[in-house]
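Just so you know, these numbers come straight off a predicted model, no measurement behind them. Sequential numbering from 1 along the given sequence is applied to the chain's residues.
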Amino acid sequence: MEYQKRLQESERRFEELTAQMADPAIINDQSQYRKIAKAHNDLAEVVGKYREWQIASKQLEESRAMLSETDPDLRQMAQDDVLKLEPRMAQLEEEMKILLLPKDPNDEKNVVLEIRAGTGGDEAALFAGELFRMYSRYAETLGWKVEVLESSPSNLGGVKEIVAAIQGHKVYSKLKYESGVHRVQRVPATETQGRIHTSAATVAVLPEADEIDIKIEAKDLRIDTFCSSGPGGQSVNTTYSAVRITHIPSGLVVSQQDEKSQIKNRAKAMRVLRARLYEMELEKQQAAIGAERRGQIKTGDRSEKIRTYNYPQNRVTDHRIGLTLHQLSEVMEGKLGALVDGLVSHYEAERLEQELAGA
């Protein structure tokens, strides 16, 4: 098998790390232990698949040897085993090849999710709010934590814009392909003639950057405080708790007013600013490398129309992979597994094809 040497090396390294995790000297050094435990965890899935493949390979060899038995019942049993084991081994090999692909360093990160109403006025704002609810429900099913960092409600109960942090296990790896334009087709509540309207909202999924990832100098920031306000400009409080942070070198501006505490608003604004600066840095890096490599890092262009939600036909279509589901009501309740997994599988298969072509 083409990947045999890498698999053997992964298994050897995995066993080394397992032994190190039992070493009292490493157990007493928490920083070192965490580092080794992470490396051990990163290898666990591929090594598990490799060991499963090894067992299946041995079983297949034994079953093939039994095909020459004189007893017809034993021959039939062996034939049945071969028919089951051959496709299983082929599947395991594909899974192992994908697991050995270079990892996206951001896959482990939490995300900052930004949803903005696009064309369609109040209807677009209602749809933006429903998209946020959809992602919140999906996050809930996976045990992720959702924290609203910034929101701007619309008059009819939707949102003009909402920014939230989502924390959990490998959040970015699941949501990174959600960035782009989401289009909705339905009869709005305000439509008296029963005509179907098309509205849109944009989604951006940014990996949440740590301070180590993005160093922000105090001299590069201008911080202004002001009184927070509600929908339509109405005053909410008379204290200067709202915060606007301008990153002078990039021109990025982040405002935060959801909290009553200026300190909390500032902390939230810094999280959003750090994520946006990190995304800008990633875009620079991708622009500096070749178009072929950029294709491998596909994480969604927020100006690209990626998905249509058609309410009259209870249909949702992802245009990038040609996947259509007649389960829109379930999708809007957060059952995104088929879409998310379909996208991940599609782009992993693309990466594998490119990797093999360049091998």
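- Residue Leu83 places its CG atom among more than 12 non-hydrogen atoms of other residues, nucleotides or ligands, all under 6.0 Å distant.
- Comment: Arg12 does not engage Glu15 in a salt bridge, judged by the lack of any side-chain N to carboxylate O separation of less than 4.0 angstrom.
- In summary, the side chains of Tyr177 and Asp318 do not present any donor paired with an acceptor at a separation below 3.5 Å, with no hydrogens or angles considered.
- Glu61 and Lys58 are not joined by a salt bridge, as no carboxylate oxygen comes within less than 4.0 angstrom of a charged side-chain nitrogen.
- Following chains of ILVMFWY side-chain contacts shorter than 4.5 Å, one can reach Met21 starting from Phe14, so the two form part of one hydrophobic cluster.
- Heavy-atom contacts from other residues, nucleotides or ligands closer than 6.0 Å to CZ of Arg266 number 12 or fewer.
- Here the shortest heavy-atom pairing between Leu328 and Asn310 reads CD2-O, 3.4 Å.
- Of the N and O atoms on the side chains of Gln91 and Glu95, at least one donor lies less than 3.5 Å from an acceptor on the other residue.
- For the atom pair Gln327 CD and Leu336 CG, the distance stands at 11.5 Å (nearest 0.5 Å).
- At least one donor-acceptor pair under 3.5 Å links the side chain of Thr141 to the backbone N or O of Tyr138.
- The only option from Glu123, His182, Arg183 that meets the side chain to side chain contact (heavy atoms under 4.5 Å, CB included) definition with Ser199 turns out to be Glu123.
- The structure places CG of Leu67 at 11.0 Å from CG of Leu74, a figure rounded to the nearest 0.5 Å.
- The backbone N or O of Val254 lies less than 3.5 Å from no partner atom in the side chain of Arg276, so there is not a single donor-acceptor pair.
- Atom CG in Leu206 sits 4.5 Å away from atom CD in Glu279 (nearest 0.5 Å).
- The same ILVMFWY cluster, assembled from side-chain heavy atoms under 4.5 Å apart, contains both Leu252 and Val243.
- Side-chain heavy atoms closer than 4.5 Å link hydrophobic residues (I, L, V, M, F, W, Y) into clusters, and following such links, possibly through other members, connects Tyr135 to Met332.
- Remark: Glu45 CD is loosely packed, at most 12 non-hydrogen atoms of other residues, nucleotides or ligands lying under 6.0 Å away.
- Checking Arg116 against Thr202 by side-chain atom types alone, no donor-acceptor pair falls below 3.5 Å.
- The two residues Val148 and Lys268 come nearest to each other via the heavy atoms O-NZ, 3.0 Å.
- Counting all heavy atoms, side chain and backbone alike, Ala200 lies closest to Ala124 at O-CB, 3.5 Å.
- Although no hydrogens or angles enter the test, the distance criterion places no donor-acceptor pair under 3.5 Å between the side chain of Asp107 and the main chain of Tyr172.
- When all heavy atoms of Leu85 and Ser63 are compared, the pair lying nearest together is CD1-OG, 4.1 Å.
- Screening Arg186, Gln185, Arg315, Met134 against Tyr309 for a side chain to side chain contact (heavy atoms under 4.5 Å, CB included) leaves a single residue, Met134.
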Evaluation steps, salt bridge (Lys or Arg N to Asp or Glu O under 4.0 Å), between Glu52 and Arg88: CA-CA 10 Å; Glu52 192 178 340; Arg88 177 59 184 147; 2.4 Å; yes

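- We find the CZ-NE2 distance between Arg13 and His40 to be 10.5 Å, quoted to the nearest 0.5 Å.
- Residues His346 and Glu350 meet the side-chain proximity criterion, which asks for heavy atoms closer than 4.5 Å.
- Put simply, the side chain of Lys109 does not reach to within 4.5 Å of the side chain of Glu208, judged on heavy atoms.
- Residues Met77 and Glu69 are not in side-chain contact: their nearest non-hydrogen atoms beyond the backbone lie 4.5 Å or more apart.
- The existence of a salt bridge linking Asp341 and Lys174 is confirmed by a sub-4.0 Å separation between a basic side-chain nitrogen and an acidic carboxylate oxygen.
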Step-by-step side chain to side chain donor-acceptor pair (under 3.5 Å) determination, Tyr278 to Asn106: CA-CA 11 Å; Tyr278 186 58; Asn106 291 317; 2.6 Å; yes

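- In this structure, Ala164 and Val146 approach most closely via the heavy-atom pair CB-CG1, 4.2 Å.
- Minimum interatomic distance between Ala117 and Val159 (heavy atoms only, all atoms of both residues): CB-O, 3.9 Å.
- Side chains of Leu339 and Arg307 form a contact here, defined as non-hydrogen atoms less than 4.5 Å apart.
- Between the side chain of Asn110 and the backbone N or O of Val171 there is no donor-acceptor pair closer than 3.5 Å.
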Side chain to side chain contact (heavy atoms under 4.5 Å, CB included) between Asp220 and His247, intermediate numbers included: CA-CA 6 Å; Asp220 291 336; His247 184 252; 4.2 Å; yes

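- Placement of Leu142 and Leu113 within a single hydrophobic cluster is found when ILVMFWY residues are connected by side-chain heavy-atom separations under 4.5 Å, directly or transitively.
- Between the CD1 atom in Ile162 and the CG atom in Leu131 there is a gap of 11.0 Å [rounded to 0.5 Å].
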Working for side chain to side chain contact (heavy atoms under 4.5 Å, CB included), residues Val184 and Glu130: CA-CA 11 Å; Val184 63; Glu130 288 164 12; 5.9 Å; no

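- Inspection of the Gln54 and Arg51 side chains reveals no N or O donor paired with an N or O acceptor under 3.5 Å.
- In this structure, the side chains of Leu325 and Glu330 stay at 4.5 Å or more apart for every pair of heavy atoms.
- The cluster map of Ile, Leu, Val, Met, Phe, Trp and Tyr, joined by side-chain heavy atoms under 4.5 Å apart, puts Leu7 and Ile55 in different clusters.
- Atoms CD and OG, from Glu281 and Ser250 in turn, are 11.0 Å apart once rounded to the nearest 0.5 Å.
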CA sep, side-chain torsions, deciding dist, call: Lys176, Asp104, side chain to side chain contact (heavy atoms under 4.5 Å, CB included): CA-CA 11 Å; Lys176 62 182 173 182; Asp104 182 338; 3.2 Å; yes

CA sep, side-chain torsions, deciding dist, call: Lys84, Gln59, side chain to side chain contact (heavy atoms under 4.5 Å, CB included): CA-CA 11 Å; Lys84 281 192 295 185; Gln59 289 172 340; over 6 Å; no

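- A donor-acceptor pair under 3.5 Å links the side-chain atoms of Ser10 to the main chain of Arg6, judged by distance alone.
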Trace of the salt bridge (Lys or Arg N to Asp or Glu O under 4.0 Å) decision for Lys103 with Asp42: CA-CA 10 Å; Lys103 297 280 190 294; Asp42 289 345; over 6 Å; no

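- For Arg75, the CZ atom counts as densely surrounded, since its 6.0 Å shell holds more than 12 non-hydrogen atoms of other residues, nucleotides or ligands.
- Considering Thr18, Asn41, Ile26 as possible partners of Ile36, the one that fulfils the side chain to side chain contact (heavy atoms under 4.5 Å, CB included) test is Ile26.
- A heavy-atom distance below 4.5 Å is not found between the side chains of Val203 and Ile306.
- With a 4.5 Å cut-off on side-chain heavy atoms, Arg274 and Val112 do not count as touching.
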